[in-house]
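Reviewing the structure listed below.
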Amino acid sequence: MCNPEEAALLRLEEVFSATLARVNSYVLQPLLPAAPEPSDPWGRECLRLLQQLHKSSQQLWEVTEESLHSLQERLRHPDSTGLESLLLLRDADRVLQAHIEYIESYTSCMVVQAFQKAAKRRREYWRGQRKALRQLLSGVSSEGSVGASPGQALHQPLTHHVQQYVLLLLSLGDTIGEHHPTQELVVNAVTLFGNLQSFMKQALDQAAATQALWHTLRGRPRDVLCTPAHRLLQDSQDVPVTVAPLRAERVLLFDDALVLLQGHNVHTFDLKLVWVDPEQDGCTFHLLTPEEQFSFCAKDSQGQAVWQWKVTQAVCQVLRGKKDFPVLGAGLEPSQPPACRCAEYTFRAEGQLCQATYEGEWCRARPHGKGTLKWPDGRNHVGNFCQGLEHGFGIRLLPQASEDRFDCYKCHWREGSMCGYGICEYSTDEVYKGYFQEGLRHGFGVLESGPQAPQPFRYTGHWERGQRSGYGIEEDGDRGERYIGMWQAGQRHGPGVVVTQAGVCYQGTFQADKTVGPGILLSEDDSLYEGTFTRDLTLMGKGKVTFPNGFTLEGSFGSGAGRGLHTQGVLDTAALPPDPSSTCKRQLGVGAFPVESRWQGVYRPFRDFVCAGCPRDLQEALLGFDVQSSRELRRSQDYLCCERTHPEDSVGSMEDILEELLQHREPKALQPYLRKALSNSLHPLGKLLRTLMLTFQATYAGVGANKHLQELAQEEVKQHARELWAAYRGLLRVALQRKGQALEEDEDTETRDLQVHGLVLPLMLPSFYSELFTLYLLLHEREDSFYSQGIANLSLFPDTQLLEFLDVQKHLWPLKDLTLTSNQRYSLVRDKCFLSATECLQKIIIQHLGAEIHLIRDMMDPNHTGGLYDFLLTALESCYEHIQKEDMRLHRLPGHWHSRELW
């Protein structure tokens, strides 16, 4: 059975539906101008708003018709159709939304006086329709303005209709009782439409106040501010307030912007980028914007509270992206705006960010978090920000003069400048990988020219304030030489060694990129030049040449175009030939570059990272990263999505690394752990090892593979082992500190050397073996050739003569008690001993055995000195030297074997 309230709702919907239809015919349709469209911008804007109102009116009518249909079905079939089938109850939110959209479209027209402007075009028509409008409206004055009647006709029926909704729904709720199944739906509908009444009243009041505001403004302020989206929330003419430091004549708070008027100047601040400082000082409160800070001072605390509350609620509302419902400051959402938010802003003040547009995360009026900066000239930066400055990982593109050419900086930033590890790809195709400080290359880094550069080069070494400084290696592909030595202010300065593709080595002193003072030069044939040299390593002035055969030439040297080297001096041929082993083994650079200070730029960032406690935010700045190429970045529309591989992606977080380190402190577990860590390029120890490998290859591979650099390389490998052990100890110290424990006292030298040579060196040596062994091979090439020839000659000996040659006493020869002829004896000896002798010879035919022996001896753990390994190696050395030095003995031995020279 139906209630009387349901029948009343039916009549209400019927009347409202008919009213909407009449309003559409008598009011809205006549307001829409016939073709052609208005030519002025304001006319076109008013037309757009009226068309939007017409659309909203149609949607409201359709919802009303659907509600009416549900009521009719309920009254026709009360037994089979429940109360919950009514659209007003089952879909109250949808009905509510249709009313809200209509009132928002209506108030937008109202704000810009679209009704009055449209009515002026058909003044006589509206005068003739006054009687018809009176039937629709109550309280329309015949003396009112021409445009007032259409405006009232468009909102008054809606206001009355919503009021009747609330009354009838309240009555319906009382009729059905508290325990009715649809009581909750009825209560919800009463609440929604009650709130709608408040919302409509506030919307109409704000629109009326905004409309009235335009009459008080003139000229530019009105042209700038008069838009249909604005709703005035507060005016300093109503509640006085002064603003400092900008002395504004008038302050206007709209629902989306704060406006300060100063003469004809209009200062507009987007509320999304306005922060209200919660602290206040008497009658004053403070606002923060991206480029300015303001103090708002009211006459009394009440005025201050009104302004601060309204600004705060307006900011909350604009951040939520929808109007508060039912009124400003109401609703379930927090009443305080978040300190961190996302927004877009274009900077105007002079400075680094002038004209740059920032889009991303903010905190208290400063870029903070992830964001993108774009300048009009094409510069682009995407990355992390902190308190308004680039901080953390970021990528910057700098356009160059040539088309589609950029400098791409993929670096870590600190307080607005590059600091930490970075990769820079320049428009010249040069690439820098290394560390920065205050925006300049500083510390260790590698700068390499493009593959197609006319003068290819590669510098691996230290930098200071953007210039090469300290120890560094430069390879000049055009000249075919490599410089190993000291730098200052971007030039070779101090002790240095130059190695050429032709095998020539020079060691001397450089100043401002030029050789100064005496130096020495070693040629491929082991000739030694001493004196002063030109940039092209030509002996110039007084000097001395020592030839491999011991002859010396001392005098004055010079050169001329097409004349080669000429000299005037004394040639001494009386000197004894030098020891070949001493002339070919001269070592360069030893002592000139203390091994402890060569690669401090590699060690220091790791030490700083450990001393800081291995913080996560510094992990990537130390260990580096992998990112897209600059070309891929330029193609990407969203730079914030650029991927890079973090260290924790492969080996876990720093916490996991330190925890695993603690679990493998015992000697049996330590070696497998270090092997695993050093083999992983994303583990701190593995990253450090690979960086050291890079420096080693840059120095000693290719052109640098010169026998005169062997000792320089050998002591470098040992130093790297010491540094890796110190790095492990540093990580262990941090891991223990995080557990509230302390590392045992510092190791003594003996304990440290035991771990370095016995544990670390064997694990890391394979990483350097290829380049290091090449140097040993070149250094001992002459000895190894003698050894190989000696082995080859020994293999030609008959068996008995080999025993004779080796001084084996005859009573120890096999078959000594048998009575045999010489031929039989020789045959048996050959049969029984030949296989054994051959196997022995095969075991000692090892290519480059001398190089291997010396490498093992230099890298042997000092703790093995005097032990079994030392004894075995000494025995092998003795055999090796013995076979080399048997040339003279072979010539003295009697015998009848082949008379050709065996050596």
Side-chain angles (χ1 to χ4, degrees), residues 233-234 241-246 248 251-260 267-298 304-321 324 328-329 333-375 381-394 412-417 419 615-617 640:
L233 303 183
Q234 192 63 56
V241 68
T242 58
V243 180
L246 184 65
V251 183
L252 302 173
L253 175 63
F254 293 97
D255 61 349
D256 60 349
L258 178 68
V259 177
L260 306 181
H267 304 278
T268 304
F269 302 92
D270 185 350
L271 288 182
K272 290 181 180 178
L273 290 167
V274 171
W275 279 258
V276 182
D277 194 330
E279 298 182 2
Q280 60 186 59
D281 181 15
C283 299
T284 302
F285 69 97
H286 306 281
L287 295 184
L288 307 176
T289 69
E291 297 185 82
E292 298 175 88
Q293 298 184 15
F294 299 105
S295 297
F296 280 60
C297 184
Q304 177 268 330
V306 168
W307 270 100
Q308 184 169 354
W309 184 85
K310 284 200 173 182
V311 172
T312 300
Q313 299 312 312
V315 172
C316 288
Q317 178 176 264
V318 76
L319 289 176
R320 285 194 283 269
D324 290 350
L328 182 68
E333 294 84 358
S335 59
Q336 290 296 326
C340 298
R341 58 191 76 160
C342 291
E344 180 178 327
Y345 179 78
T346 300
F347 291 88
R348 301 177 182 86
E350 293 295 327
Q352 179 184 354
L353 299 181
C354 182
Q355 298 185 345
T357 298
Y358 174 80
E359 181 180 3
E361 298 173 352
W362 298 75
C363 184
R364 292 185 60 80
R366 297 289 180 268
H368 190 89
K370 293 184 180 299
T372 301
L373 271 173
K374 295 181 180 180
W375 283 264
H381 182 94
V382 54
N384 295 316
F385 293 79
C386 181
Q387 294 300 312
L389 298 174
E390 301 92 331
H391 193 90
F393 178 77
H412 277 267
W413 301 69
R414 182 178 298 168
E415 297 179 358
S417 61
C419 189
R616 184 174 181 178
D617 59 332
L640 285 175

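We're numbering straight along the sequence, starting at 1.
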Restricting to non-hydrogen atoms, name the atom on [X] and the atom on [Y] that form the minimum distance, rounded to 0.1 Å.
X: Leu271; Y: Ala314; result: CD1-CB, 3.6 Å
X: Phe385; Y: Gly371; result: CE1-O, 3.5 Å
X: Gly388; Y: Leu353; result: O-CD1, 4.4 Å
X: Glu361; Y: Gly369; result: OE1-CA, 3.2 Å
X: Gln308; Y: Phe285; result: OE1-CB, 3.5 Å
X: Leu389; Y: Gly416; result: CB-N, 3.7 Å

With rounding to the nearest 0.5 Å, note down the distance linking [atom1] in [X] to [atom2] in [Y].
X: Phe347; Y: Cys354; atom1: CZ; atom2: SG; value: 10.5 Å
X: Arg366; Y: Cys386; atom1: CZ; atom2: SG; value: 12.0 Å
X: Gln317; Y: Asp256; atom1: CD; atom2: CG; value: 9.5 Å
X: Glu390; Y: Leu373; atom1: CD; atom2: CG; value: 6.5 Å

A side-chain contact here means heavy atoms from C-beta on lying under 4.5 Å apart; do [X] and [Y] qualify?
X: Trp362; Y: His368; answer: no
X: Leu328; Y: Trp309; answer: yes
X: Thr372; Y: His381; answer: no
X: Val311; Y: Leu233; answer: no

Set of residues satisfying side-chain contact (heavy atoms from CB on, under 4.5 Å) with respect to Pro615, sequence neighbours excluded:
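Counting only residues at least two positions away or on another chain, Pro615 forms a side-chain contact (heavy atoms from CB on, under 4.5 Å) with Phe609, Ala612, Asp617, Leu618.
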Using distance only, find each side-chain donor-acceptor pair of residues 287-296 under 3.5 Å and give its atom names and separation, not counting sequence neighbours.
unit_1 : atom_1 : unit_2 : atom_2 : d
Thr289 : OG1    : Glu292 : N      : 3.0
Thr289 : OG1    : Glu292 : O      : 2.7
Glu291 : OE1    : Arg348 : N      : 3.3
Glu291 : OE1    : Ala349 : N      : 2.7
Glu291 : OE2    : Tyr345 : OH     : 2.5
Glu291 : OE2    : Arg348 : N      : 2.9
Ser295 : OG     : His286 : ND1    : 2.9

Report yes or no: is the cationic atom of Arg341 (NZ for Lys, CZ for Arg) under 6.0 Å from the centre of the six-membered ring of Trp275, at an angle within 45° of the ring normal?
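The answer is yes, since Arg341 meets both limits relative to Trp275.
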Within the side chain of Lys310, is there an N or O that forms a donor-acceptor pair under 3.5 Å with the backbone of Gln234?
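No; zero donor-acceptor contacts below 3.5 Å.
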What's the verdict on side chain to side chain contact (heavy atoms under 4.5 Å, CB included) for Thr284 and Gln304, showing C-alpha distance, side-chain angles and the deciding distance?
CA-CA 7 Å; Thr284 302; Gln304 177 268 330; over 6 Å; no
Assign the ring pair Phe269 / His267 to parallel, tilted or perpendicular, where the plane angle (0 to 90°) is split at 30° and 60°.
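Answer is parallel, since the angle falls under 30°.
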